[in-house]
There are 2 protein chains.
Amino acid sequence: MDATIDEERLDALFTALGDRTRRDIVVRLSSGEATVKELAERYAMTMQAVSQHLRVLERSGLISRGRHRQTRPCRLEPEALAVAVSWIEESRRTWAERMDGLETRLAQLQEGDDR
Amino acid sequence: MDATIDEERLDALFTALGDRTRRDIVVRLSSGEATVKELAERYAMTMQAVSQHLRVLERSGLISRGRHRQTRPCRLEPEALAVAVSWIEESRRTWAERMDGLETRLAQLQEGDDR
DNA sequence: CCCGTACTCAAGCATCTGCTTTATCAAGCG
DNA sequence: CGCTTGATAAAGCAGATGCTTGAGTACGGG
């Protein structure tokens with residue numbers, strides 16, 4: 001019954017994806033690791049700003065960070081994306097099931113009357 | 001070329017899903033339409049607050065609203081969810097392709113050396 | 001040891017959010 | 001018509017967000 005924890009996770013996940021800079025970082029990282037400096041150059045933004053975006057992404061589980069010399073390279077954690085997809089797919093499945101039911105009933109009634 | 005428009009759409013979509021009340025409204029609507037009043041009772045919230053959440057959801061394309069007597073029933077638009085999924089899946093696909101490449105190269109090298 | 005590089009921490013600031021209260025509106029009932 | 005019901009509009013407010021600047025911190029080269 002730790003549903004609340006899942007909700008927090010989903011809050012962090014979707015909130016992280018709700019910003020286009022962070023979404024673009026995700027896309028960028030899907031094709032390989034990157035450092036803070038590289039990302040700052042890419043987005044014409046200070047390293048501080050990028051660092052804050054990365055903190056949001058890290059809290060959401062979408063990325064993780066290592067250490068290599070003076071750099072803190074970050075990499076994508078695609079399992080977090082899978083969590084988001086599975087939440088969405090559950091809603092879509094419920095909806096699809098209901099529509100199947102409606103179609104069936106409509107086919108039975110063959111008519112739209114007292115609605 | 002209208003990539004900006006898509007980005008705006010994704011901003012609205014993921015931002016809408018970044019709030020647990022709105023996510024729960026999506027889940028609720030996946031099993032049928034609902035009115036503002038019904039949702040307000042469900043979340044122990046004023047109708048005004050629900051109305052604002054619904055506006056966010058509507059702007060994102062996740063729901064649409066009709067009119068029936070004094071009520072404004074809202075229903076889910078699952079195609080918007082599909083947009084979110086397809087964005088996510090593209091990142092995951094890119095990542096998976098890259099990992100395949102890495103695996104292949106690692107198998108060729110048969111060794112982890114100068115790392 | 002000093003210096004540059006990569007980065008984080010902290011504070012400030014404008015803007016956005018989520019919610020409230022108050023006021024208003026439109027539809028239908030008596 | 002007056003009144004209730006379902007809903008929106010507007011304004012206000014505490015708290016979050018996205019960014020900035022300024023001040024550290026940690027690592028490594030010379």
Side-chain angles (χ1 to χ4, degrees), chain A residues 4 7-29 32-75 114-115, chain B residues 4 7-29 32-75 114-115:
Chain A
T4 310
E7 289 299 316
E8 271 174 34
R9 175 113 203 243
L10 292 167
D11 274 354
L13 252 176
F14 286 117
T15 298
L17 293 175
D19 179 275
R20 70 189 73 184
T21 300
R22 286 194 294 263
R23 272 199 310 279
D24 202 81
I25 289 175
V26 167
V27 170
R28 166 66 186 77
L29 294 183
E33 298 191 356
T35 66
V36 178
K37 195 197 177 197
E38 286 164 357
L39 295 171
E41 285 164 358
R42 183 179 170 88
Y43 303 117
M45 203 180 274
T46 63
M47 282 199 297
Q48 290 91 325
V50 169
S51 209
Q52 285 169 81
H53 280 306
L54 292 177
R55 182 143 36 90
V56 173
L57 287 166
E58 196 172 18
R59 269 200 314 128
S60 78
L62 277 165
I63 69 167
S64 65
R65 322 191 58 184
R67 282 172 198 271
H68 185 254
R69 300 184 175 246
Q70 303 100 308
T71 71
R72 309 265 337 252
C74 41
R75 77 187 70 82
D114 64 346
R115 256 282 156 191
Chain B
T4 310
E7 289 298 316
E8 272 174 33
R9 174 113 202 242
L10 291 168
D11 274 355
L13 251 175
F14 286 117
T15 299
L17 293 176
D19 178 275
R20 70 190 72 184
T21 300
R22 287 193 293 263
R23 273 199 310 279
D24 202 81
I25 290 175
V26 167
V27 170
R28 167 66 185 77
L29 294 183
E33 298 190 356
T35 65
V36 177
K37 195 197 176 195
E38 286 164 358
L39 295 171
E41 286 164 357
R42 183 177 169 90
Y43 304 116
M45 202 180 276
T46 63
M47 282 199 296
Q48 290 90 325
V50 170
S51 208
Q52 285 168 78
H53 280 305
L54 293 177
R55 182 144 35 90
V56 173
L57 288 166
E58 196 172 17
R59 271 198 315 127
S60 78
L62 277 165
I63 69 166
S64 65
R65 323 192 57 186
R67 284 172 198 270
H68 185 256
R69 299 183 176 247
Q70 303 101 310
T71 71
R72 309 258 346 245
C74 40
R75 76 186 71 82
D114 64 345
R115 257 282 153 187

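First the proteins, then the strands, lettered A, B, ... as listed; each starts at 1.
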For [N] and [X] - does any side-chain N or O of the residue sit under 4.0 Å from the phosphate oxygens OP1/OP2?
| X | N | value |
| --- | --- | --- |
| A:Arg72 | D:dT25 | no |
| A:Arg22 | D:dG18 | yes |
| A:Ser51 | C:dC7 | no |

Regarding A:Arg67, tell me which of base, sugar-phosphate or nothing describes its non-hydrogen contacts under 4.0 Å with the strands shown. nothing
Would you indicate what A:Arg55 reaches in the nucleic acid, counting non-hydrogen atoms under 4.0 angstrom: base, sugar-phosphate, or nothing?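 Touches nothing.
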Whole angstrom value for the distance that separates [atom2] of [N] from [atom1] of [X]:
| X | N | atom1 | atom2 | result |
| --- | --- | --- | --- | --- |
| A:Arg69 | C:dT5 | CZ | C1' | 12 Å |
| A:Phe14 | C:dT17 | CZ | P | 18 Å |
| A:His53 | C:dC7 | NE2 | C1' | 16 Å |
| B:Met47 | C:dA23 | CE | P | 16 Å |
| B:Arg59 | D:dT8 | CZ | P | 15 Å |
| A:Leu54 | D:dG18 | CG | C1' | 14 Å |
| B:Arg20 | C:dG18 | CZ | P | 12 Å |

Write down the atom of [X], the atom of [Y], and the distance for their closest heavy-atom approach.
| X | Y | value |
| --- | --- | --- |
| A:Cys74 | A:Leu29 | O-CD2, 3.5 Å |
| A:Tyr43 | A:Asp24 | OH-OD2, 2.8 Å |
| B:Val50 | B:Ala40 | CG2-CA, 3.6 Å |
| B:Gly18 | B:Arg23 | C-NH1, 3.8 Å |

Could you check which of C:dC19, C:dT8, D:dC19 has an atom nearest any side-chain atom of B:Thr21?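 My answer, after comparing the listed nucleotides, is C:dC19.
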Out of D:dC19, C:dC7, D:dA7, whichever nucleotide has its closest atom nearest the side chain of A:Gln52: D:dC19
Chi angles and distances behind the side-chain contact (heavy atoms from CB on, under 4.5 Å) call for A:Arg72, A:Leu54: CA-CA 11 Å; A:Arg72 309 265 337 252; A:Leu54 292 177; over 6 Å; no
What about A:Gln48: does its side chain form a donor-acceptor pair under 3.5 Å with the base of D:dC19? no
Selection: residues 37-46 of chain B, any non-hydrogen atom under 4.0 Å of DNA chain C: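 Listed by number, they are B:Met45, B:Thr46.
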Any side-chain to backbone donor/acceptor pair from B:Thr15 onto B:Ala12? Under 3.5 Å, distance only.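 No; zero donor-acceptor contacts below 3.5 Å.
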Only one of A:Arg75, A:Arg28, A:His68 passes side chain to side chain donor-acceptor pair (under 3.5 Å) with A:Glu33, and that residue is A:Arg75
Which residue lies more 5' along DNA chain D, comparing B:Thr71 with A:Thr15 via nearest heavy atoms: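 Closer to the 5' end of DNA chain D: B:Thr71.
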Please compare B:Gln70 and B:Gly18 by the position of their nearest nucleotide in DNA chain C and report the one closer to 5'.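 Taking each residue's closest nucleotide, the earlier one in sequence belongs to B:Gly18.
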